[in-house]
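Just so you know, these numbers come straight off a predicted model, no measurement behind them. Atom set for the values below is all heavy atoms of this structure, side chains included, hydrogens, waters and symmetry mates excluded. Convention: sequence-line order gives letters A, B, ...; per-chain numbering from 1.
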Amino acid sequence: MTSERYNARDAEPRWQREWDEKAIFSARNDDPRPKYYVLEMFPYPSGRIHIGHVRNYTLGDVLARYMRAKGFNVLHPMGWDAFGLPAENAAIERKVAPKAWTYDNIAAMKKQLRSIGLSLDWSREFATCDPSYYRHQQKLFLDFLRAGLVERESRKVNWDPVDMTVLANEQVIDGRGWRSGAVVEQREMNQWVFKITKYSQELLDALDTLDRWPDKVRLMQRNWIGRSEGLLVRFALDPATAPAGETELKIFTTRHDTLFGAKFMAIAADHPLALAAAAKNPDLAAFITEIKRIGTAQEAIDTAEKQGFDTGIRAIHPFDPSWRLPVYVANFVLMEYGTGAIFGCPAHDQRDLDFVNKYGLGNTPVVCPEGQDPKTFVITDVAYDGDGRMINSRFLDGMTIEQAKEEVAKRLETEVRGNAPVAQRQVNFRLRDWGISRQRYWGCPIPVIHCEKCGVVPAPDTQLPVTLPEDATFDRPGNALDHHPTWKHVACPKCAGKAQRETDTMDTFVDSSWYFARFTDPWNAQAPTTRPVVDRMMPVDQYIGGVEHAILHLLYSRFFVRAMKATGHIAMEEPFAGMFTQGMVVHETYQKADGSYVTPAEVTVETGSNGRRAVLTATGEEVTIGSIEKMSKSKKNTVDPDDIIATYGADVARWFMLSDSPPDRDVIWSDERVQGASRFVQRLWRVVNEAADIAKAAPATRPADFGPEATALRKAAHSALDKVSGGIERLHFNVCLAHIREFTNALADTLAKGGRPAADLAPNLVPDLVWAVREAALILVQLIAPMMPHLAEECWQVLGQSGLVSEADWPQIERDLLVEDSVTLVVQVNGKKRGDVTVPRAAENPEIETAVLALDAVKQALGGKAVRKVIVVPMRIVNVVG
RNA sequence: GCUCCAAUAGUCCAAUUGGUAGAGACGGCACGCUUAGAACGUGCGCGAUCCAGGUUCGAAUCCUGGUUGGAGCACCA
C-alpha cells in the first residue's frame, strides 16, 4: 500500500514526454479506420493562454481521447490565428517586429498548452502568418476572383483620419476610433468583397441540416441572414414636383397589405432622389449633412429621434391616381437595405407612427384586431402589428393580412406602367457582402497588382506567395505596407509597365475561414488542400468554441467552404457537422475600500458562520466581495493557468473545468471547488492503490460465477461505464463526473467492507471478488483517462498494466449486468404515492395489477371506491385511478 | 424596441425527455480517527421545482399569462 500523495508535478511532465516521444496522438491520413475530427477554435497568440482556453481545449480533449479509445482515427490538431492588430500595436509601442513578437508568443503559449496534457497532433501545427499557409489563401483568393466570388466595390467604411485606417464597426466607440479617439468619418472606398450574398438562400436553408448545432447559433445565423419576402413597388411621382425629371420612386415593403394606410414616403439621406432635391434646396442639403454626421456614431443612432424633411416631392398612390403622398428624407431609412426608400404606414409600424406624430401627418388604421369594433379602433402612440382583418382599405376590406398581401401583389404585378409591372415580388436579405480589405501590415497580402494601363491584374500563381516585407517600419500612422519604400513597386504581369501591388491585406476572418481544411494536409506545398484527403477527413465532426463566434466566423467558414467547392478545392458544403458553444469562466470580483480591484491571488476568502468575507493576504485589510463577472484584466478577477497547474497540476484544473457546470454554461471559478477536485485526485489515487494491492491476488482467468458482493461491484462498474460513455458522447461531462464519483464511492465502500489493512485481507477474499475489484479499478482508471490523463497513466501502471492507457481500447460493456431480475415499481393511487411493489422483470401487466390491488396501502387509499383504471408504465410506476 | 434562452436544497447542479424530486459536488453541522494532517472516514437533504392558471390518471418537464436574470440583433421597411 502506497501512503504517498499523488505528485502531479512529478508525474505530469513525465507522461507528457512519454506521449510525445511515442507520437501517439498523430493522426495518419491513410489510417483505414473511420475518422473523427475534433477541433477547438484555434487561439490568437496574444502571449499567454487564458483560463478560458483551458476549458475550451479540455472539453475537446476529453472527446478526442474517448473517441480514440473507441477505435476512431482521431484528428485533433492545433494551430495559431496569428495575423492581427495587436502585433502591430506591439511594434508601435515596443519596437518589436510583428513577426518576432508573434512567433515568440507562439513559443510561450505552446509550452503552456503542452503543460495541460492535451492529446494534440502537433505535427500538423501551423500559424496563419506562415507564408506556407497564406500562399494557399492567396491562391484561393485568385480562384474565387476568377469564379466571380470576389469583386472590387466602392463601399462606405469607417475611416479613422488619425490612424489612417478603416475601422470595423466594433472599433468605433461613441463615433470615435478606439485607438486614436479621432472622430470617425464615413468614406467611400474601393474594397475587395467576397460575394457571400450569392449564397444567402443556401446558407439559410442548410441551417436546417445542421442538427448537431445549438439552436441558439442557428437562430442567430438565421436572423443575421435576415430573409424577408415582400413587394417591390414603383410609385409614380407627380411630374410637377420631381426635381430633375424623375418619374418614379421604388420602395420595398413586406406590408403591402397596409398600402391604404399610407401617409408619407421616406427616403435615405444618400438616396439619389434626395441628392437631386438637395441640389435645389439648401435647407434640405443642410439637413442631409446634419443627419449624416450623426449617422457615423453608433450610439447616436440608437437614441436618435426620428427626423425628417419634406422634399416637396409628391408620390402618387398606386391604387388611386388622385392620392398624393409627401416624400420626406428621413434619418431612419437606410440606403443599404432594400431600395433605400419606404412608404410609411403609421398605424401599423412604430417607427412610422413616431414620425407622423412628430410631423402631424395623422394615421389611419387598416388592420383591425379580432374582437375590436372597426368604428372605434384608433391608434395613438402604439402601432398595432398583430393579426386582424382589413378595414378602411376599399377592395381589401374584410380580408386577412395574408389575403390582402396576395391581392395587392396580384393586382400590382399585372398592372403595367412604361413597359414594366408596377410591382414585383421580391426576397430581400439583411446579409451584406463581406468586405475584406484592411489597411494593415500584419495580414495576408491581397495578391493583385494595379496597373495604370491594364487596371487590376491578378498576381500570377508563379509569384505566390506574395510575402510581407520584414523590414517594414511603424513610426508613423497608416499602413506600413503602403509606406514601405520598395515593396509595392512591381512590373505589371501583363504589360510589364509600371504597376503597384495592392497594399491592403485581408481581414483576419479570412485566415480562420479555412484553417480546419488545411489541417487535413498541411504538408501539401502545391495546393491549399489535397482532394482525397480533405474529402475524407472533413467535415469537422465536433467543433468547440465560444459563442462570440456564433455568427461571423461560422458564417464566413460556411461560405468559404462553398466557395472552395465551387473552385474545386473540396467536395462538401458544410465545414462543421457538430458545433458546440462552451460557456465562459467567470469569477467574483474583489475591491478595496478605495474602489480599486485586487486579484484573487492576493485575497484570502474565509467562510464563517455568518457568510464569507475576504481579506488581503498580505495586510489583512478587508476587501469587498463583488459580483461574478467574466474574467477581465480591468476587473482583475483573473486566474493564471500557470499558477493553477503549478499548485494543483493540470489534471485538477481539467477535472474542475468539467465538474458541476454543464459545458455550455458559464462556470464560476471557485477555489473551494478546485480544492475539492484536488481532494478527489488524492482519494482516487488511494482507492486505486488499495485496489491494486488486492488485485495482485486476482485469478488470471475470469471466474465462472460471481457472488453477490462481486456482482454488485460489477454492476456498479458497468453501469458507470454505460453512463459515462453516453454522457461523453452527448458532451454532458458534468454528469459523467458525478457518475465517476459515485462509482469511486462504491469501489471504496467495497474495499472498506473487506476491512483494513487491505494487504492482510487479500488472501481471505474469495477469488471472484478479487477479480471484480481488479476489473472495477481498471474500468475506473479508463473512465477518468479522458479527463485526467496523467493520473490515469500513473494508476494504469500501479495496476500492473503494460502500455499506455491513452492507447488502450475503451472497455466493453456487459449489458447483462445492467438489467435487473426484478423491478420495484412505485404504486400511486390517483397520482399520489402510496407504496411500492417488487415484481419479476418479465411480469405481465395483469399480474402486476393483481399484486398492486392486493396491497393494503392501496385498499386503504381507495377507501372502498371502485377501481376505474390501472395505468402500468413498464419498469417505472403503477397508477390506480379510483 | 424586436427575437431567443434560463429559473430545482444556503451554493453549483442531476432527474433516462410526461412517471418516486436527488446522482454528484461545494459549504455547514454532528460524530469518529489521532497522523495519509491546512488531512481522512461516517452520518445528516420538507424544497408547494420563480409566480398564477390550464391540459393529463400523473407535470420540474407540455400549454397560456406574468416576474426575475441572461444573450443576440438593433431604425432591415
How long is the line joining [atom1] of [X] and [atom2] of [N], in whole Å?
{"X": "A:K832", "N": "B:G19", "atom1": "NZ", "atom2": "C1'", "answer": "16 Å"}
{"X": "A:M875", "N": "B:U16", "atom1": "CE", "atom2": "P", "answer": "16 Å"}
{"X": "A:K869", "N": "B:G58", "atom1": "NZ", "atom2": "P", "answer": "9 Å"}
{"X": "A:R868", "N": "B:C57", "atom1": "CZ", "atom2": "C1'", "answer": "8 Å"}
{"X": "A:L552", "N": "B:C73", "atom1": "CG", "atom2": "C1'", "answer": "12 Å"}
{"X": "A:R665", "N": "B:A7", "atom1": "CZ", "atom2": "P", "answer": "6 Å"}
{"X": "A:D660", "N": "B:G27", "atom1": "CG", "atom2": "P", "answer": "11 Å"}
{"X": "A:L207", "N": "B:G72", "atom1": "CG", "atom2": "P", "answer": "19 Å"}

Considering Watson-Crick and G-U wobble pairs with both distances under 3.5 Å, what does [N] pair with?
{"N": "B:U61", "answer": "none"}
{"N": "B:A36", "answer": "none"}
{"N": "B:A14", "answer": "none"}
{"N": "B:G28", "answer": "B:C44"}
{"N": "B:A74", "answer": "none"}
{"N": "B:U68", "answer": "B:A6"}
{"N": "B:U56", "answer": "none"}

Between [X] and [Y], does any side-chain donor sit less than 3.5 Å from a side-chain acceptor?
{"X": "A:N637", "Y": "A:T589", "answer": "no"}
{"X": "A:D354", "Y": "A:Q350", "answer": "yes"}
{"X": "A:N223", "Y": "A:R218", "answer": "no"}
{"X": "A:R834", "Y": "A:Q828", "answer": "no"}
{"X": "A:S228", "Y": "A:T254", "answer": "no"}

Which nucleotide in the set [options] lies at the smallest distance from any side-chain heavy atom of [X]?
{"X": "A:V881", "options": "B:C57, B:U20, B:C73", "value": "B:C57"}
{"X": "A:F252", "options": "B:A77, B:G19, B:G27", "value": "B:A77"}
{"X": "A:A738", "options": "B:U42, B:A23, B:G19", "value": "B:A23"}
{"X": "A:I668", "options": "B:U20, B:C12, B:U16", "value": "B:C12"}
{"X": "A:E742", "options": "B:A23, B:U20, B:C57", "value": "B:A23"}
{"X": "A:S661", "options": "B:G19, B:C13, B:A25", "value": "B:C13"}
{"X": "A:R432", "options": "B:C13, B:C75, B:C76", "value": "B:C76"}
{"X": "A:Y337", "options": "B:G58, B:C75, B:A77", "value": "B:A77"}

Is the phosphate of [N], meaning OP1 or OP2, less than 4.0 Å from a side-chain N or O of [X]?
{"X": "A:N745", "N": "B:A25", "value": "yes"}
{"X": "A:R683", "N": "B:G24", "value": "no"}
{"X": "A:R686", "N": "B:G41", "value": "yes"}
{"X": "A:S659", "N": "B:G24", "value": "no"}

Is a donor-acceptor pair below 3.5 Å formed from side chain [X] to base [N], judging by atom type as modelled?
{"X": "A:N830", "N": "B:G58", "value": "no"}
{"X": "A:R834", "N": "B:U20", "value": "no"}
{"X": "A:R673", "N": "B:U11", "value": "yes"}

Expressed as a whole number of Å, how far does the [atom1] atom of [N] sit from that of [M]?
{"N": "B:A15", "M": "B:A60", "atom1": "P", "answer": "15 Å"}
{"N": "B:G32", "M": "B:A6", "atom1": "P", "answer": "48 Å"}
{"N": "B:A21", "M": "B:U49", "atom1": "P", "answer": "10 Å"}
{"N": "B:G66", "M": "B:A7", "atom1": "C1'", "answer": "14 Å"}

Describe the nucleic acid contact of [X] in one word from base, sugar-phosphate, nothing, applying a heavy-atom distance below 4.0 Å.
{"X": "A:G226", "answer": "nothing"}
{"X": "A:V827", "answer": "nothing"}
{"X": "A:R227", "answer": "nothing"}
{"X": "A:N734", "answer": "sugar-phosphate"}
{"X": "A:T824", "answer": "nothing"}

Practice task
Would you kindly check if the NZ (Lys) or CZ (Arg) of A:K306 is within the cone defined by 45 degrees around the ring axis of A:F332 and under 6.0 Å from the six-membered ring centre?
Solution key: yes

Exercise for the section: Could you check if the base of B:U49 is syn or anti? Syn means the glycosidic torsion is within 90 degrees of 0. Expected result: anti

Completion exercise
Per the glycosidic torsion and the 90° limit around 0, nucleotide B:A52 is anti

Practice task
Could you check if a side-chain atom of A:Y337 sits within less than 4.5 angstrom of a side-chain atom of A:R432, using non-hydrogen atoms only?
Solution key: yes

Practice task
Of all the heavy-atom pairs spanning A:I196 and A:W434, show the shortest one and how long it is.
Solution key: CG2-N, 3.9 Å

Handout entry: Exam field: side chain A:R55 to backbone A:G583, donor-acceptor pair closer than 3.5 Å
Key = yes

Practice task
Take A:W224 and A:R351, find for each the nucleotide of RNA chain B with the closest heavy atom, and name the residue whose nucleotide sits nearer the 5' end.
Solution key: A:W224

